Structures are given as structure tokens and as C-alpha cells.
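Accompanying notes for the structure given below.
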Number of protein chains: 2
Amino acid sequence: MPSDLVAHGPSDSDPKAAYPQPSTARPAPRARTARAAEIIDAARTLLEDRGPRGLTMRKLADTVGIQAASLYKHLPSRRALEVALVEHGLDEIGSALHGVLAKSTADPIGALLDAYRSAGLANPQLYRLVTSGSFPRGQILEGLEAWAGEPFFLAAGDPHLAQALWSFAHGTLLLELDGRFLDGSDLDRTWQAGAEAFKAARRAIPRPSVR
Amino acid sequence: MPSDLVAHGPSDSDPKAAYPQPSTARPAPRARTARAAEIIDAARTLLEDRGPRGLTMRKLADTVGIQAASLYKHLPSRRALEVALVEHGLDEIGSALHGVLAKSTADPIGALLDAYRSAGLANPQLYRLVTSGSFPRGQILEGLEAWAGEPFFLAAGDPHLAQALWSFAHGTLLLELDGRFLDGSDLDRTWQAGAEAFKAARRAIPRPSVR
DNA sequence: CACATTCGGCTAACATTGTTAGCCTTCGGG
DNA sequence: CCCGAAGGCTAACAATGTTAGCCGAATGTG
């Protein structure tokens, strides 16, 4: 979840500014030729099935029935391919998070964490790609990160708590995906322990006057 | 922070078991020839200075004044080199965490988070190497992970909260290292927001009777 | 002392990676 | 009808990890 996944208010310099940010708009997806879209799709399944090391230009070309060099008629570089995949991932995660917040009103933080976890577990490799390492922020569709991360702000009600909440979700998900914890039964409770902590912290925050 | 970084009690099946685990021992470092140690050292500075892509067998051989193929007289593979670096990293982080817990008694969670953050910021690439992706757990020195992660259990007082706390620290540190947040001033407050949440949760946990 | 063995260096090579250059066919629009 | 672009191909390059095989020097051991 790159950069300002956690969109926050007009900044600390103006704490009086409206809190529940006017909903960021999801930027329109990039225009692509049919062939390019097909390639990106193939790359995605290849990544998810064979892992990151299974996604090579030659193997990708193979599954598309083409020569590796010919890929460059559709995409400028492997990096660009990754950027496309990252945009896919951001779009899906953002949709999931926004969707769940739109419904559930009782326990937004719990619901948000669940949705985040599910999205990551559904596409582990893609999640890793989206959130691993520092990538060129300039290449990503303008506004996509902010839109995808907005739900954390909405659920937390405070920019700093929002970032902390996202950090917790990100860290826990990565550790779960990487199998760094012990057994499976603990994991639900680990998520829950964090959720409880953040819910309590949320309650301690002074309600933003919705003037 | 591989596997059971967060060591916890004898498991949930026996909640009555002694809580403050008998302090895990730091396993003795692996025996190495002087030359191997020198190479690993060079690899480490190379990694930290030039980044992960700057650490290649040939460049490493160059800085040591040797031919790439000759490296294999000292190390079986690049993977083994990485494992050695991971052990270094675990050792350092674990030392930092244990050290800080040994002193400060007033605010263990805050002190622990500070120490974790400092350790990571001091050696970003090494931290990423240690904690990124799933690696063969069997290769790591027996007990090293558990020892390095023990402080989280000690500070949190509950295995699930400990894992959640570690998750938060890990996620926040990664996002900070990768520059995924916005500006610098926010970061202290992000860490603090999380710290407060976990401290409150810690207080809510029933004191383990130290019988 | 002579001899064998191991240690630690070397060069050459291989397969695999991303990527570029250059050629050729096909097909739609002036 | 021709021209140019789209989109395929082969050949090649540099850099990656890694292996095979050679060789000199040190280090015991009979």
C-alpha cells in the first residue's frame, strides 16, 4: 500500500478543517489495448500461481503464445508490468475496503481489518507486490493510493490512529502470509487483540464535531 | 523476524502455565573461519551501502579482492550468505530489545517500540532482509528467533497481544523504511498512537498472578 | 625428508534473467 | 496501389548465480 494510503485531513496545520474528508474519487483505470490487458492478466495469474520467481518475461511470453522480445511491443519494461499489477491490486483492495465500510456501521474497525485480511489472503503474491519495497510513486495512477487508503482514515477518525491501524493490518498480514507466526488458531486472536486495542483507542478520541 | 519471534507460553491448552516464560537463552553464534566472517562482514556493508541489488556475488568478491567463484570455497551459496546475514540481524535486534527491557521498567511497551524502530532505522536493508519473505526456517540457528522475539512477550504480558504488538511494530517500520507514509513529523505520532493503543490494551489484561 | 592432502585461489563455462536491434509479414487507409 | 504502422520473429548482449577443473602453497604424516 504505497505512500499516502492513509489519506488524512488537510494536514496538521489546520486541525479545525473538516474531518470526514470528502470522499476521494477512484481514478479511472488506465486505457489499454486488448492485447496488453491480456498480457497483464496472464502475468497476474502467473504471479499468483507460480510465485514471484515464476513471473519471468519468457514464461509470460510462453503462456501468451509469443516470444519474450515481442512483449516489449506492448509493455515498455518488466517494471511497467509490475506497475500495472500494482494498480490492479490497489483497485481491488480499495474496492473491498470501501465496500465494507459502506455497509457495516456497527464495528467499522473490525470490519475493515477483516476485509483487509481477506483481500490479502485471497491474493498473497499480489499483495506482496503491491506493498513490498519502495517503488516509484510517480508511476502509479494519480490518486489511486489515496483512494485505496481512505477507508482507514474513515474508520479511525484520526489521521495518526489511521496510519497506526494500517500499519498493524499491514504488519500482521505480511507476517501471516510469510508464515512467521506459529499455528493457525492463534492468528484470529492476534488480529482480534490488535482490533480491540485500536477500537479502544478510537473510543478515546474526541468525537469530531460534525458541524 | 521469522517464525515464533514472539515466543509465548506453553500454548493455549494450558492457560494456567507460568506466564513470564523462563528467559530464553541466546544461542551461541555459529563457528566460522576468519575468511568466512570477513566475507559476511563485507556482504553486510555492501548490502547496507548499495542496497539489495548491489549485493551480488561478483561485487562481493571484488570488495574482498577475490574471484566470484572463489567465494564458494567459503560459502555454499548466496542463500547461505543471506542466512548468515539474517542471523546477524536477529542477534542485533534481539540484543537491542533485551537490553532496553532490562533497564526501563516504567514503560516497557514504549521503550520496546522505540528500540525496535531504532534498530530497524539503523540498518534498513538488513532489517528488510531479516523480515522479508518466507525463508527456510530450518536453516536459522535453533532458538535464535524465539530469543529475539521474547521481549515482545515480556512487554505485552499476553501472547496474542504480543503478536499484535510485534505486527504493529513490523508494519510501521516497514512502511517507514519504504517511505509509504507522508512526511516525517507524522511518524513519531503514528508510532505514538499505536503505542498508546497497546499500552491501554495491556492495562486491560488481568495481571498474571506471579505465584 | 618425501609425499599426500587439503585449502584457497584461478579461468572457463553454462543457464537464466531483462532487454535491444533488426528483419519480415500483414493489413488498413491515403 | 502503396506506405506505414502493428506485431510478430531471431539473434544477441550483459549480468546474475553456480559448477567444473586446474594449480600452487601450506600442512601435516610416513
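Any value given below was found using the heavy atoms of this structure, including those in side chains, with hydrogens, waters and symmetry copies removed. In what follows, every chain begins at residue 1, and chains take the letters A, B, ... in the order their sequences are listed. On a predicted model such as this, the values are computed, not experimentally measured, just so you know.
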Report task. Could you tell me the separation between the CG atom of Asp62(A) and the C1' atom of dT17(C), rounded to a whole number of Å? Result -> 14 Å
**Report entry** Value in whole Å for how far the C1' atom of dT17(C) lies from CZ of Arg53(B)
**Finding:** 13 Å
Query raised in the report: Within this structure, what is the CD-to-P distance between Glu38(B) and dG8(C), rounded to whole angstrom?
Result: 12 Å
Query raised in the report: Should the ring pair Phe181(A) and Trp166(B) be called parallel, tilted or perpendicular, given that the plane angle runs from 0 to 90° and is split at 30 and 60?
Result: perpendicular
Report summary line: To the nearest angstrom, the CG-C1' distance between Leu75(B) and dG8(C) comes to 13 Å
Report task. Look at the aromatic rings of His170(A) and Tyr127(A) and report parallel, tilted or perpendicular, splitting at 30° and 60°. Result -> tilted
Report summary line: Under a 4.0 Å heavy-atom criterion, the protein footprint on nucleotides 3-15 of chain D, written with B, S and -, is ----BBBBBB---
Requested in this report: With rounding to the nearest 0.5 Å, note down the distance linking CD1 in Ile140(A) to CZ in Arg30(A).
Outcome: 7.5 Å
Query raised in the report: CZ of Arg78(A) versus C1' of dT17(C): gap in Å, rounded?
Result: 9 Å
Requested in this report: Measure the distance from CG on Leu55(A) to P on dT16(C) and round it to the nearest whole Å.
Outcome: 17 Å
Query raised in the report: Can you say whether the rings of Tyr116(B) and Phe152(B) are parallel (under 30°), tilted (30 to 60°) or perpendicular (over 60°)?
Result: perpendicular
**Report entry** Test item: Arg50(A) side-chain N/O and Lys59(A) main-chain N/O as donor-acceptor pair under 3.5 Å
**Finding:** no
Query raised in the report: Taking everything shown except His74(A) itself, do over 12 heavy atoms lie less than 6.0 Å from its NE2?
Result: yes
